[in-house]
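Below: one structure, written as structure tokens.
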Amino acid sequence: MLYRTALVITIVILAVVDIVLELQLLPLLCRGIPLPFPETSKPIGNTLFSATSLHMSIISSNILVIMLILKKSGYKGRSVPSKPSDWLDLLALLTFAVSALTMWFNPAFMAVFIASGVYLLLSEMR
């Protein structure tokens with residue numbers, strides 16, 4: 001019963017934080033893109049990559065927080081990672097998403113993006 005209460009409170013807090021992040025960061029990512037789109041331009045790639053990276057970062061951080069809360073509250077289930085390698089996979093997913101977002105502003109993060117992508121690919125192959 002404790003994990004249900006903790007899960008509901010966590011989800012409500014995460015939903016509020018996600019909405020605030022979405023409202024504050026998405027306009028920054030779409031800055032400089034003319035709306036409505038000109039007929040011959042193709043700005044969708046510019047907006048799509050950064051917005052997808054933002055949403056992926058939010059989703060992966062939510063998954064990590066929910067798994068941590070469930071583990072700390074004593075929930076025993078198959079959905080909560082039990083091995084350190086499973087937690088490392090979740091952390092690599094978060095690193096992949098955040099580095100994709102920051103790579104948009106600083107190209108040096110491409111190395112982190114590629115490294116975490118290769119780790120995720122290799123961890124799925126085992």
Q) When rounded to the nearest 0.5 angstrom, what is the spacing between CG in L120 and OG1 in T95? A) 8.5 Å
Q | Single-linkage hydrophobic cluster, 4.5 Å side-chain cutoff, F105 and L25 together | A | yes
Q. With I114, which residues qualify under side chain to side chain contact (heavy atoms under 4.5 Å, CB included), at least two apart?
A. M110, V118
Q | Set of residues satisfying side chain to side chain contact (heavy atoms under 4.5 Å, CB included) with respect to K83, sequence neighbours excluded | A | S85, D86
Q. Other hydrophobic cluster members with I19, side-chain heavy atoms of Ile/Leu/Val/Met/Phe/Trp/Tyr under 4.5 Å, chained?
A. L23
Q | ring pair (Phe, Tyr, Trp, His ring centres under 6.0 Å) partners for F113, two or more places apart | A | F96
Identify each donor-acceptor pair in which a side-chain atom of residues 55-75 lies under 3.5 Å from a protein atom, sequence neighbours left out, and give them as a table.
unit_1: H55; atom_1: ND1; unit_2: A51; atom_2: O; d: 2.9
unit_1: H55; atom_1: NE2; unit_2: E22; atom_2: OE1; d: 3.0
unit_1: H55; atom_1: NE2; unit_2: E22; atom_2: OE2; d: 2.9
unit_1: S57; atom_1: OG; unit_2: S53; atom_2: O; d: 2.8
unit_1: S57; atom_1: OG; unit_2: A97; atom_2: O; d: 3.2
unit_1: S60; atom_1: OG; unit_2: M56; atom_2: O; d: 2.9
unit_1: S60; atom_1: OG; unit_2: S57; atom_2: O; d: 3.2
unit_1: S61; atom_1: OG; unit_2: S57; atom_2: O; d: 3.0
unit_1: S61; atom_1: OG; unit_2: I58; atom_2: O; d: 2.9
unit_1: N62; atom_1: ND2; unit_2: D18; atom_2: OD2; d: 2.4
unit_1: N62; atom_1: ND2; unit_2: I58; atom_2: O; d: 3.3
unit_1: S73; atom_1: OG; unit_2: I69; atom_2: O; d: 3.1
unit_1: S73; atom_1: OG; unit_2: L70; atom_2: O; d: 3.1

Q: Could you list all the salt bridge (Lys or Arg N to Asp or Glu O under 4.0 Å) pairs where at least one residue sits in residues 48-67, not counting sequence neighbours?
A: none
**Q.** Pairing residues for D89 by the salt bridge (Lys or Arg N to Asp or Glu O under 4.0 Å) criterion, not counting sequence neighbours
**A.** R126
